[in-house]
Amino acid sequence: MEAEEEAEKINIVAENLRESEVGDQGAGPLGSEKGPPGTWRHKCASYVLALRPWSFSASLTPVALGSALAYRSQGTLDPGLLVGSAVTVLAVHGAGNLVNTYYDFSKGIDHKKSDDRTLVDRILEPQDVVRFGVFLYTLGCISAACLYCLSTLKLEHLALIYFGGLSSSFLYTGGIGFKYVALGDVVILITFGPLAVMFAYAVQVGYLSALPFLYAVPLALSTEAILHSNNTRDMESDRQAGIVTLAILIGPTLSYVLYNTLLFLPYLIFCVLATRYTISMALPLLTIPMAFSLERQFRSQSFLKIPHRTAKLNLLLGLFYVFGILLAPPGSLPKL
């Protein structure tokens, strides 16, 4: 089942939370016995919805890429460090999504027609979102501490990358609020591109290197396409709320041009790598039909599901990219 269909089902379940609670309370003794389990399940569905799980490809693929680069350069891969890196990055990403939900609601940006209606529809209360965000940030810190114990990476280097990512995830909408002053694209481009890839790579090899930054470019562009499609879809509502995004600054026509650039430039890079170094780097080209489908949907201004579909493309492109690196003959790729 596609990610957007799963999210819709979770949303339907979560929106029925309050109705179910009322029904349970009015059902008498029998209803009270069945109420708590049902309420618990609905509450869990609500928390999952608030995390926006369809966007997690932006976290998982950089971790997979950084780990694949480490394996190619060192010849070994620690599964424990791979899992720990994934948990750490996912925890920070999920917490960042909750921060975004909280501040968008607080500033009156989210409304009944928004993609994220977690607080608008009172699926969760603001304090629930805050508590869950604190829990995830705490989980990320604990996971990062475990990585320090298992990895040979210096503490100052681990802290620099981890807290850089954590700060970015919070300041995207909290504090300074980079999203509201047209700097959100820059934050996402760096955080879910070079920074996340570097984190997974450094944890595996035990030192910092410029190598992950170079190989992270195609994936970073694809990830930025998710955010840009989301901001283009919400252009009018964001303008009414008084915030400024890159999509608002450049307008619909240039937003279309930028989206196509973010969508297709990675394929040009893969073509160069495939023709000059190894044919295995042509694997991501298998996703080109999806990219053309998204271009047509964007051109027709059917924006509703574009962010979800772009995230799906990002996941598949990232996985094929990782497989291409793993299948490349030793020494065939630059510095690997």
CG of L286 to CG of L319, rounded to nearest 0.5 Å, is 12.5 Å

Taking every heavy atom of Y259 against every heavy atom of A225, the minimum-distance pair comes out as CE1-O, 3.6 Å

D128 to Y47 - nearest heavy-atom pair and separation:
CB-OH, 3.8 Å

F192 side chain reached by H93 side chain, heavy atoms, under 4.5 Å:
yes

Any donor-acceptor pair under 3.5 Å linking the side chain of R72 with the backbone of I325?
yes

V130 and F170: same hydrophobic cluster, using ILVMFWY side-chain contacts below 4.5 Å?
yes

Here the pair of heavy atoms bringing G140 nearest to Y162 is C-OH, 3.0 Å

Where the side chain of T191 meets the backbone of V187, is there a donor-acceptor pair that is under 3.5 Å apart?
yes

Distance-only, no hydrogens or angles: does the S67 side chain make a donor-acceptor pair with backbone N or O of A64 under 3.5 Å?
no

Measuring from atom OG of S255 to atom CZ of R233, what distance do you get when rounded to the nearest 0.5 angstrom?
13.5 Å

When you compare the side chain of L273 with that of T278, does any pair of heavy atoms fall below 4.5 Å?
no

Counting N and O atoms only, with roles assigned by atom type, does the side chain of S85 sit under 3.5 Å from a partner on the main chain of V63, one being a donor and the other an acceptor?
no

Distance (rounded to the nearest 0.5 Å) between F298 CZ and F303 CZ:
4.5 Å

Same cluster for L171 and F105 if Ile/Leu/Val/Met/Phe/Trp/Tyr side chains link at under 4.5 Å?
yes

Could you check if a side-chain atom of F320 sits within less than 4.5 angstrom of a side-chain atom of T287, using non-hydrogen atoms only?
yes

Do F213 and Y201 come close enough that some side-chain heavy atom pair is under 4.5 Å?
no

Nearest 0.5 angstrom please: L315 CG to I226 CD1, how far?
9.0 Å

So does G318 get a backbone contact from the side chain of T61, meaning a donor-acceptor N/O pair under 3.5 Å?
no

Basic-acidic side-chain contact under 4.0 Å: K179, D104:
yes

Please lay out, stage by stage, how H157 and Y207 fare under the test side chain to side chain contact (heavy atoms under 4.5 Å, CB included).
CA-CA 8 Å; H157 292 165; Y207 57 85; 6.0 Å; no

Can you check whether F163's main-chain N or O pairs, donor with acceptor, with S167's side chain at less than 3.5 Å?
yes

Trace of the side-chain hydrogen bond (donor to acceptor under 3.5 Å, both in side chains) decision for R52 with T101:
CA-CA 10 Å; R52 306 179 204 175; T101 295; 3.0 Å; yes

Spell out, as yes or no, whether a donor-acceptor pair under 3.5 Å connects the side chain of N231 to the backbone of T245.
no

Under 6.0 Å between ring centres, would you say that holds for F292 and F264?
yes

Just do the side chain to side chain contact (heavy atoms under 4.5 Å, CB included) check on L51 and F56 with the steps written out, would you?
CA-CA 9 Å; L51 289 176; F56 283 164; 4.0 Å; yes

Looking only at non-hydrogen atoms, find the nearest pair between L208 and A202 and report the distance.
CD2-CB, 3.9 Å

Are there over 12 heavy-atom neighbours, none belonging to R239, within less than 6.0 Å of that residue's CZ?
yes

I want to check something: taking the side chain as every heavy atom from C-beta on, are V87 and L90 in contact at a cut-off of under 4.5 Å?
no

CG (L139) and CD1 (I142) are apart, to the nearest 0.5 Å, by 6.5 Å

Y103 backbone acceptor or donor facing T173 side chain under 3.5 Å
no

Looking only at heavy atoms, the pair that brings L82 and Q204 closest together is N-NE2, 3.3 Å

Is it the case that the side chains of Y137 and S169 hold a donor-acceptor pair, with the cut-off being a distance below 3.5 Å and no angle test?
yes

Would you check if the side chain of S151 reaches a backbone N or O of Y148 as a donor-acceptor pair within less than 3.5 Å?
no

Does a side-chain heavy-atom distance below 4.5 Å link V272 with M281?
no

Is there a path from F199 to V217 through hydrophobic residues (I, L, V, M, F, W, Y) whose side chains come within less than 4.5 Å of each other?
yes

Using 0.5 Å steps for rounding, measure from the CZ atom of R131 to the CG atom of L124.
11.0 Å

Should F270 and Y321 count as side-chain neighbours, where that means a heavy-atom distance under 4.5 Å?
yes

Worked check of side chain to side chain contact (heavy atoms under 4.5 Å, CB included) between I188 and Y172
CA-CA 8 Å; I188 296 301; Y172 177 69; 4.0 Å; yes

In short, L136 meets A95 closest at the heavy-atom pair CD1-N, 3.6 Å

Under 6.0 Å from the OH atom of Y267, do we count more than 12 heavy atoms belonging to anything else shown?
yes

Any side-chain donor-acceptor pair under 3.5 Å between R309 and S229?
no

Kindly determine whether D78 and L150 satisfy side chain to side chain contact (heavy atoms under 4.5 Å, CB included), including the steps that lead there.
CA-CA 10 Å; D78 189 323; L150 297 174; 5.8 Å; no

I want to check something: taking the side chain as every heavy atom from C-beta on, are I250 and H228 in contact at a cut-off of under 4.5 Å?
yes

Linking I/L/V/M/F/W/Y whenever their side-chain heavy atoms sit closer than 4.5 Å, directly or via other members, would L60 and L77 fall into one cluster?
yes

Flag yes if V89 and L160 sit in one hydrophobic cluster, no otherwise; membership is Ile, Leu, Val, Met, Phe, Trp, Tyr, and two members link when side-chain heavy atoms are under 4.5 Å apart.
no

